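Structure first, commentary second.
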Amino acid sequence: MRSVHRKIRHWYTRHGRTDLPWRNTADPYTIWLSEVMLQQTQVKTVLERYYFPFLEKFPSIEALGKAPLDAVLKQWEGLGYYTRAKNLHKTAQLLTQEQAPGTAPVLPSAIDALIQLPGIGKNTAHAVAAFAFRQPVPVMEANVRRILCRIYAMEQADEKMLWKIAYEMVDREHPFEYNQAMMDIGATLCTPKTPQCTACPFESICQGKHDPQRYPTKKRRAVPTREQHIMLNLYDNKLALTKREGKFLHGLWGFPATEVPLCAAEYIGEVTHAYTHFKLTCKVYLYDALEKTEDHYFTPQQIRRLAISKVDEKILNLYLDSMK
DNA sequence: GAGGCGTGGGT
DNA sequence: TACCCAAGCCT
């Protein structure tokens, strides 16, 4: 394993994404933030659109913990999986409340303590421990999972087995470089579609290299289609929006929707949006209200300052186009 | 443990 | 185009 560790470190020095900003900081807060933003999200998106603006607005745990959730969601707008922002904020609040007087709030360094915080699961706890606190532990995310499945020719990813292997394989002397290298190898060489096995430092020991597509086997689910009817409630050139409750798009503002069409309204078009688990078609109608029937009305300019989801942005744009 | 949870990149 | 997939977590 020592020679493999050497190969991996050598590969990382030459080909790794060593310039990523969260790899060149000692601040656990910014490393934690990057880990949460990167959950189910590509590096490019986080790097180019969200990481720096978020830190500009909330430069510390304390700044984040003392900010209103609405402001945090506005910074998160468009990134998706909004529970991440809610949990990030919640954890910052907890840490800020727990801090001793006169001291800055800090993240715990122990995996057991990290994993109890909202929004920090097993992988993120390990990532923060390895990257922020240089502990000799492995990470286990999509890239590492795919690499290990291929090295051991496992069609099914057995989480317990994978963690055991990962703990045995981690370079305990250079956990930071090892883990970053594993993710880079997965992202740039051991890719899902067309892996470049000949350039891979694991090539000599990989049992799955002759049929990499087979490891791991992918599971796919059917994607149902749902239809909603959006009644744009217009009063005094303002539109009614409500703050979404429940788990879907929680905390964001949005146009009220119904499952069934309502009568006596002008149809102005439809909007579609693809989510992970369903496709949504929204039939949009305009209703000129004679009196206020909803709690909150906003001008289009005011709506731009609220945190709204992508589908509501599409609906707003449809409305503005229909006014031309 | 299986399904809910967003959006955009890549092919 | 219509997929697949991405530094997962929570229930």
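Since this is a predicted model, take the numbers as computed values, not measurements. Every chain is numbered from 1 and lettered A, B, ... according to where its sequence line falls, protein lines coming before strand lines.
Among the heavy atoms of the strands lying under 4.0 Å from A:I120 are primed sugar atoms or P, OP1, OP2 only; no base atom is included. A:G121 comes within 4.0 angstrom of sugar-phosphate atoms only, judged by non-hydrogen atoms across all strands, and of no base. Within the nucleic acid shown, A:Y275 comes within 4.0 Å of at least one base atom, counting heavy atoms only. If you check every strand for non-hydrogen atoms under 4.0 Å, A:R145 touches nothing. Contacts of A:V43 with the nucleic acid, taken as non-hydrogen atoms under 4.0 Å apart, include base atoms. Heavy atoms of A:S34 sit nowhere under 4.0 angstrom from any nucleic acid atom. Within 4.0 Å of A:A127, counting heavy atoms only, lies no atom of the nucleic acid at all. Nucleic acid contact class of A:W76 (heavy atoms, under 4.0 Å, all strands): none. Across all strands, A:H273 comes closer than 4.0 Å only to sugar-phosphate atoms, never to a base (heavy-atom distances). At the heavy-atom level, A:R23 lies under 4.0 Å from base atoms of the strands shown.
At a threshold of 4.0 Å, the pair A:R145-A:E141 does not count as salt-bridged, since none of the basic side-chain nitrogens sits closer than that to a carboxylate oxygen.
Using P as the reference atom, B:dG8 and C:dC9 are 22 Å apart when rounded to the nearest Å. Distance noted for atom P between B:dG3 and C:dC4: 16 Å (whole Å). Taking atom C1' in both B:dC5 and C:dC5, the straight-line distance is 15 Å, to the nearest Å. A gap of 15 Å separates the C1' atoms of B:dG1 and C:dG8, to the nearest Å. Using atom P as the reference point in both B:dT11 and C:dA7, the two lie 14 Å apart (nearest Å).
Put simply, chain A comes within 4.0 Å of DNA chain B, heavy atom to any atom, from B:dG3 to B:dG9, going 5' to 3'. The nucleotide range of DNA chain C contacted by chain A, defined by atoms under 4.0 angstrom from heavy atoms of the protein and reported 5' to 3', is C:dC3 to C:dT11.
The distance from atom CD of A:Q302 to atom CG of A:L239, rounded to the nearest 0.5 Å, is 10.5 Å.
Taking the six-membered ring where tryptophan is involved, the planes of A:W32 and A:Y29 are perpendicular, since the angle between them exceeds 60° and thus also 30°. Note: A:Y167 and A:W163 have tilted aromatic rings, judged against thresholds of 30 and 60 degrees for the angle between ring planes. Taking the six-membered ring where tryptophan is involved, the planes of A:F278 and A:F248 are tilted, since the angle between them lies from 30° to 60°.
A:Q180 and A:R23 are linked by a side-chain donor-acceptor pair at a separation below 3.5 angstrom, with hydrogens and angles left out of the test. When only modelled atom types and interatomic distance are considered, A:T299 and A:R304 share no side-chain donor-acceptor pair under 3.5 Å.
Where A:T124 and A:R221 each meet DNA chain C at their nearest nucleotide, the meeting point lying more 5' is that of A:R221.
Checked options A:H229, A:E270, A:Q228; the residue passing with A:K283 is A:E270 (criterion: side chain to side chain donor-acceptor pair (under 3.5 Å)).
In this structure, A:W76 and A:K74 have side chains that are not in contact, with every pair of non-hydrogen atoms separated by 4.5 Å or more.
Nearest heavy-atom pair across A:L95 and A:V106 is CD2-O, 3.6 Å.
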